[in-house]
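Accompanying notes for the structure given below.
Fair warning: this is a prediction, and the values are worked out from it, not measured in the lab.
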Amino acid sequence: PFGRVLHAIREDEDYPPTLGKNTMNFKLKAFALGAAVAALGGALFAHWAYALTPGTFPIQLTFIMWAVVIIGGLGSTFGVIAGTVFVFGVRQLVRFLPDWGYATEIAYLRIIVIGIALILVMYYKPAGLFGDEERRKAGGGVLE
């Protein structure tokens with residue numbers, strides 16, 4: 001029931017307490033679990049990279065990660081996987097475009113293509129390509 005309670009808290013924070021669930025306790029556990037996974041990931045990445053500097057995490061990386069989640073769909077594991085395949089597929093396909101003396105411009109083409117895809121998905125399918133079907137049916141929040 002842990003996942004179901006978190007889902008209920010996401011949809012309507014006033015409802016789970018009526019069923020006897022302590023929402024603060026569940027949110028604290030979810031935060032601690034997320035922080036532990038992030039810390040483990042950061043520790044493993046630091047061990048792999050040997051040294052971390054501010055240049056290790058460019059702004060484009062943040063844009064790409066948000067694009068993966070938004071294009072794939074919020075609340076959908078398959079959506080995030082599909083978004084990752086799309087975004088990194090575009091990044092790899094642009095690498096193989098012929099260079100007609102515009103090598104620096106072609107490097108920015110991948111960000112432009114991902115940005116256009118992001119705009120199209122947000123306009124035509126606000127929940128993402130594979131957004132949470134249950135949330136869409138309920139008409140929850142931003143997805144209306």
Side-chain angles (χ1 to χ4, degrees), residues 1-97 102-144:
F2 183 74
R4 281 186 265 169
V5 172
L6 289 179
H7 186 82
I9 291 171
R10 180 185 72 185
E11 295 301 324
D12 184 10
E13 194 168 341
D14 296 330
Y15 183 63
T18 62
L19 299 175
K21 304 295 181 184
N22 184 355
T23 58
M24 181 59 104
N25 191 17
F26 278 92
K27 288 194 280 186
L28 189 61
K29 286 179 184 177
F31 178 77
L33 182 63
V37 170
L40 178 64
L44 292 174
F45 182 73
H47 179 70
W48 174 78
Y50 297 115
L52 298 178
T53 63
T56 307
F57 306 103
I59 293 174
Q60 291 175 342
L61 183 65
T62 303
F63 168 74
I64 290 169
M65 293 304 133
W66 276 107
V68 163
V69 173
I70 292 171
I71 289 173
L74 296 170
S76 168
T77 305
F78 180 73
V80 172
I81 293 169
T84 304
V85 169
F86 173 76
V87 168
F88 285 96
V90 165
R91 288 177 55 96
Q92 295 304 316
L93 288 174
V94 170
R95 285 182 51 203
F96 297 110
L97 288 177
Y102 298 106
T104 56
E105 286 82 5
I106 288 177
Y108 293 110
L109 183 63
R110 63 178 72 150
I111 298 295
I112 292 169
V113 170
I114 293 169
I116 290 171
L118 189 60
I119 290 169
L120 291 174
V121 166
M122 289 177 72
Y123 186 75
Y124 291 109
K125 292 193 67 127
L129 295 178
F130 302 98
D132 190 2
E133 186 68 30
E134 184 177 320
R135 193 170 185 189
R136 251 184 307 191
K137 287 179 183 175
V142 181
L143 303 178
E144 291 179 332

Minimal heavy-atom distance between L52 and A49, with the atoms involved, is CD2-CB, 4.0 Å
For F2, the ring-ring contact (aromatic ring centres under 6.0 Å, His included) test, sequence neighbours excluded, returns F26
Here the gap from L6 atom CG to L33 atom CG, rounded to the nearest 0.5 Å, amounts to 9.5 Å
Could you check whether any side-chain heavy atom of F130 comes within less than 4.5 Å of a side-chain heavy atom of I81, counting everything from C-beta outward? no
Output for pair (M65 CE, Q60 CD), nearest 0.5 Å, gives 11.5 Å
| With a 4.5 Å heavy-atom cut-off, do L40 and L44 have their side chains touching? | yes
Between G55 and P58, the two heavy atoms sitting closest are O-CD, 4.0 Å
Separation between CZ (F63) and CD1 (I70), nearest 0.5 Å, reads 8.5 Å
Residues D14 and T18: closest non-hydrogen pair is O-CG2, 3.7 Å
Just wondering, are more than 12 heavy atoms of other shown residues or ligands nearer than 6.0 Å to CE in M122? no
- Query: OH of Y15: more than 12 outside heavy atoms within 6.0 angstrom?
  - Reply: no
| said: Taking the six-membered ring for Trp, are W48 and F45 closer than 6.0 Å centroid to centroid? | reply: yes
Heavy-atom side-chain contact between R110 and L93 under 4.5 Å: no
When rounded to the nearest 0.5 Å, the distance separating CD1 of I64 from OG1 of T84 is 11.0 Å
Between L118 and A67, the two heavy atoms sitting closest are CD1-CA, 4.1 Å
**Request:** Indicate yes or no: at least one non-hydrogen side-chain atom of K125 is less than 4.5 angstrom from one of L120.
**Result:** no
For I59, does the CD1 atom sit with more than 12 other heavy atoms under 6.0 Å from it, leaving out its own atoms?
no
In short, T56 meets A51 closest at the heavy-atom pair OG1-O, 4.3 Å
In this structure, CZ of R91 is separated from CD1 of I111 (nearest 0.5 Å) by 6.0 Å
The single option from T23, N22, I9 that satisfies side chain to side chain contact (heavy atoms under 4.5 Å, CB included) with P17 is T23
Return yes when atom CZ of F57 has more than 12 non-hydrogen atoms of other residues, nucleotides or ligands closer than 6.0 Å, and no otherwise. yes
- Query: Would you say the side-chain atoms of H7 and R4 include a donor-acceptor pair closer than 3.5 Å?
  - Reply: no
Do V68 and F86 have side chains that approach each other closer than 4.5 Å (heavy atoms only, starting at C-beta)? no
